[in-house]
Amino acid sequence: MSQTPLAGGGASYAAAGVDIEAGDRAVELMKEWVKKTQRPEVLGGLGGFAGLFDASALKNYDRPLLASATDGVGTKVDIARRMGVYDSIGHDLVAMVMDDIVVCGAEPLFMTDYICVGKVHPERVAALVKGIAEGCVLAGCALVGGETAEHPGLLGPDDFDVAGAGTGVVEADRMLGADRIREGDAVIAMASSGLHSNGYSLVRHVLLDRAGLDLDRRIDELGRTLGEELLEPTKIYSLDCLALIRTAEVHAFSHVTGGGLAANLARVVPDGLHAVVDRSTWTPAPVFDLVGRTGSVERAELEKTLNMGVGMIAIVPQESTDVALATLADRGVDAWVAGEITGRGEHTTGAALVGDYAD
């Protein structure tokens, strides 16, 4: 059975919507940014089939444990697309990956990224990689490679998504976690820079779809436009947490992401103990009230969706609180004692928020 030839001449990859030349130009544009992230253990350059990291550096460890994580930034990419701002989203990606890795006490080593676009615009792709590279510098890790994929027909010409995977290392006997936590430990909260990269499906639904607010509209209570607030990069805590480990005794960290503060804190609290966090010790940034008030969102729903002003938690012995707070203050991190670890008692979950937020 013969096939009828397609009208309009022979088919080609370019005719199907994939521009190889544009992809090559994007690689050239991003090289300078990737170079800024290099650590001495990184071998080779951009463009190989695999990123290479000299593992002989791990010989200094008695029992090195590799920690890995992978993540994306969710529907926050839609805000970046609408605003035509592509570099800041890379900070979010690095934070989501590397701040998960540092929770166990691991030092971030290297990261790879995956960028999927409907159409390769070389300058846009380079801006995305620029942001990822800048984030890697802030996290102390190398960007050793990545992939840019063009998916015409599945994504619109301006649509994109990003994801990344990272690797870190920690000495086995220095790994942090639930087994170190003791009753009486202090719960230290580190302020978030805003919404970070979680809950944007709710935020977009409330502020953009239902309320119809424009991203370029200035919101007085925010002190800037709505779009600028929503694109505020996720704070990267990796080096701050490592500095804390060096100066104070730390039992555990908790990265506050999807699920909110209580749910993520409960992930590191051992059976038999309970984390009690007092809301009155801080005031959430205005953007959280804006979302709740505009959408008539109940507090419980906000707290299980958004970080409510806390991006990272450190659990330390009471005698380490002063040193821990001083270390974070020296690094410009807004932090405070927000609660403590208690016996389980009447509580049935690992963590709870009590009291009312400060005015």
For Met175, the hydrophobic cluster (side chain heavy atoms closer than 4.5 Å, chained through members) also holds Leu65, Val170
Across all chains, not counting sequence neighbours, the salt bridge (charged side-chain N to carboxylate O under 4.0 Å, His left out) partners of Asp87 are Lys130
Residues passing the salt bridge (charged side-chain N to carboxylate O under 4.0 Å, His left out) test with Glu171, sequence neighbours excluded, are none
Tell me, please, which residues at least two apart from [X] pass side chain to side chain donor-acceptor pair (under 3.5 Å).
X      : value
Asp158 : Arg124
Thr225 : Glu228
Thr327 : Thr247
Ser280 : Asp278

For residues 190-213, the ring-ring contact (aromatic ring centres under 6.0 Å, His included) pairs (sequence neighbours left out) are none
So ring-ring contact (aromatic ring centres under 6.0 Å, His included) across residues 155-193, not counting sequence neighbours, yields Tyr86-Phe160
Sorted by chain and number, sequence neighbours left out, side-chain contact (heavy atoms from CB on, under 4.5 Å) with Ala178 holds for Pro270
Does any donor atom in the side chain of Ser254 or Asn264 lie under 3.5 Å from an acceptor atom in the other side chain? no
N/O donor-acceptor pairs under 3.5 Å from side chains in residues 184-191, not counting sequence neighbours:
| from | atom 1 | to | atom 2 | distance (Å) |
| --- | --- | --- | --- | --- |
| Asp185 | OD2 | Arg182 | N | 2.9 |
| Asp185 | OD2 | His251 | ND1 | 2.6 |

Scan the side chains in residues 289-296 for donor-acceptor partners under 3.5 Å anywhere in the protein, sequence neighbours excluded, and list what turns up.
| from | atom 1 | to | atom 2 | distance (Å) |
| --- | --- | --- | --- | --- |
| Asp289 | OD2 | Arg293 | NH1 | 2.4 |
| Arg293 | NH2 | Glu221 | OE2 | 2.9 |
| Thr294 | OG1 | Leu290 | O | 2.6 |

